[in-house]
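First up is the structure itself, then whatever we jot down about it.
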Amino acid sequence: MDYIDKKTLQRSAQQEKDEFVTAIFSLIVENESGVLSRVIGLFAGRGYNIESLTVAPVDDGGRKSRINILTSGTPMVINQIKEQLDRQVPVYRVVNLCRQGPYVARELALIKVVSKGSERAEALTLADAFRAQVVDASIDSLVFELTGKTEKINAFVDLLRSLGLVELSRTGIAAIGRGRHTI
Amino acid sequence: MTNIELNKADHSQIGESVQTMTGAEVLLQVLVDMGVDVIFGYPGGAVLPIYDALFQQDRIRHILTRHEQAAVHAAEAYARSTGKVGVALVTSGPGATNTVTGLVDALMDSIPLVCISGQVFSNLIGNDAFQEADTVGITRAATKFNYLIKDKDKLAGKIREAFYIARSGRPGPVLIDIPKDLMINTAPYQKQVIKEHPSYKPVVEPNHQAIVDAVRAMKKAKRPLFYTGGGIINSGPKASKNLRALVQMSGFPCTSTLMGLGAYPASDKQFLGMLGMHGTYEANLATHGCDVLVALGARFDDRVTGSVKDFSPNSLKIHADIDPSQINKIVLVDIPIVGDVSRTIELMIEEWNKNPEPVDQHALDTWWKQINEWRSIDCLRYTQNNAAGATIKPQHAIRRLHELVSKRGKEAYVSTEVGQHQMWAAQYFPFESPNHFMTSGGLGTMGYGLPAAVGTQVAHPQGLVIDIAGEASTMMNIQELATIKQYRLPVKIFILNNRYMGMVRQWQELIHGGRYSESYSDSLPDFVKLAESFGIKGLRAQTIDDLDAVITEMLDEPGPVLVEIQVEKEENCFPMIPAGAPHNQILLGADSKA
């Protein structure tokens, strides 16, 4: 039967493409107690991984919040995560930004370096190159604030490690689709 | 009730002046508004205001179970056997934690349920107060939705919302946690109808193109099969009627999951019996060999699929489900249909009639010929020795029970516990209509059957309700004999006693080298004396000579009866597909003609 053979072939082709892909889920949820734990509990309960998570209210009345979740898995798992998130009662909308189209994703990091002398000077030069702000300074320490793509923050942090990086605090990504498209 | 009917509810009362009463009275008034006539529960400190309000009214009946788990199971069975929402009422802390098993059971089997739990006073929450537990936290993964009501102004609205969420879309349990002060203080009551929820909008209407594609594939099929599940029963009696029409107009064979039994009449020649781990030979081989599999309200549970990669390997798969997250979760499907299954079948029938293409009758005849060959193996055959003093085969006990019930022209409501007897009940006690089989499918909860019989009998006071049980499961909620006695529920408890946790023993025999680790039920009670001590009639059949007389006496007795049938100790449940094996590696019992 022609109809069946074509479909069956498509399915087996799909099954072979089981490599991991990255997904950024953006959720609009009711801003109520328990909603975040319901969402992340779903990840824990079903064995999905969360690589980063951000959440904050996004409308004036504080009735809705936006959650951004960076995760990865096989296409089948990513699809399951979307459907499982979508059926949660307090979830208004779920979008996988990686699939929807172009998007921007940014992260904020606070990076503390404890160093003196030439290393301190080098850290300040690097910060200048990366456009990181100094938000705290003492005789032997600096705290930089850096906003940007995750890769940019990773690059900066890697360079600082040799200069005495001691502490790192990162937000995880906030992401939004490019262009007129909204969720 | 479907979402559509719910939305059509009377709007004329909106805007009626706000009445003020205590929160407990508001709760009961809303329950009455939602059509609730009976609730199952257990009192305690944090819900005493509700129990006081219950005492002072006569519109809602309260059934006192002897354990909160049993209250939830009873409410589940009430829901399964009526299609209405079941309601359970429990106190804070231990009352609420005791409901967890029941809630997960309802979640797995998509049973519409509202569980109301009391919570300590608002100002004590978080203080580790007496009988305080983080009920919402504990039951979050056990419910479709749950919440702690903090605002007395939202009490009535939130309770209505709980009912809406429990029964719309894919049904499930909803827990609402109410602090004691909200029950005592006055709260506004407004007679308003929840029309929809801002963020929760289940899809009911299926995509028409998917229906067209599905019917096109079905008409082209040479070896088609319907695979139906509990979704048909959850969707309401109309879904079962539609299913019958579709199956008969197509001439295709139909198999069912454990949860779906009764949706399609078991006596019909197009019905192949249950599929899956203990399904029939013909249903499983048809599943393995079909070229178009039409899954309706079924979710490809691992007890059905066995080895997923070998499951129905050469078929085009059509999957209709109201919950989009079930599509492609386990088995990749070719034609997904999201929506109410009753509506889906209705549209399939319309499309079938519109589509001029005839089915390939020759191929279908060949397919039936093959199926009938598989059928002739008679996979459920057993040999009962009828000589005096012979041991009773458990299969025979259930078959005779069914025959003697049918003779009276009655269709019984059957609940089961979990284990071998459950599978034998599914195999040897055929159902002709939906809502008659109450069994714990997804979670497999031992101890489900006795409280489920309570809930079913309360829902159908005139109905014949039989709990087909094993002795080990019975021990798990044995306290409910007191409930049965108190409310004079004429439940028949039919215990197949083999002195083993039978299914555990069967797996130990087949997989663990016959090492019966802890599966022998030592120190069992004398069930007849046990029943008598509760004031319930007890009967026992020790050999084949007693069997019919005992069943007849049980059915003749107007009140509750506990029957102990002593059965063959080491009988196994066949056919069986070993966990993880494909369907064509099905094991048959020694008596089948294979």
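Chain naming here is simple, since letters A, B, ... match the order of the sequence lines and numbering starts at 1 in each. In this text the structure is predicted, and so the values were computed from the model without any measurement.
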Open item on the list: Which atoms of B:Leu148 are under 4.5 Å from chain A, going by heavy atoms: the side chain, the backbone, both sets, or neither?
Closed with: neither
TODO: Establish, from distance only, whether the side-chain atoms of B:Ser307 and B:Lys309 form a donor-acceptor pair under 3.5 Å.
DONE: no
TODO: Check whether the side chains of B:Tyr200 and B:Lys144 place a donor and an acceptor atom closer than 3.5 Å, and report yes or no.
DONE: yes
Task: Side chain, backbone, both or neither of A:Glu30 within contact of chain B (heavy atoms, under 4.5 Å) - done: side chain
- [ ] Output the option from A:Glu32, A:Gln80, A:Arg38 having the highest count of non-hydrogen pairs under 4.5 Å with chain B.
- [x] A:Arg38
TODO: Under 4.5 Å heavy-atom distance to chain A, tell me which part of B:Lys150 shows up: side chain, backbone, both or neither.
DONE: side chain
TODO: Establish, from distance only, whether the side-chain atoms of A:Thr71 and A:Asn49 form a donor-acceptor pair under 3.5 Å.
DONE: no
- [ ] Please flag which part of A:Val91 lies under 4.5 Å from any non-hydrogen atom of chain B: side chain, backbone, both or neither.
- [x] backbone
Open item on the list: Give me the atom names and distance for the closest heavy-atom approach of A:Ile173 to A:Ser52.
Closed with: N-OG, 3.3 Å
Task: Proximity breakdown for B:Asp323 and chain A, heavy-atom pairs closer than 4.5 Å - done: side chain
TODO: Determine the minimum heavy-atom distance between B:Ala96 and B:Ser117, stating which atoms define it.
DONE: CB-CB, 4.2 Å
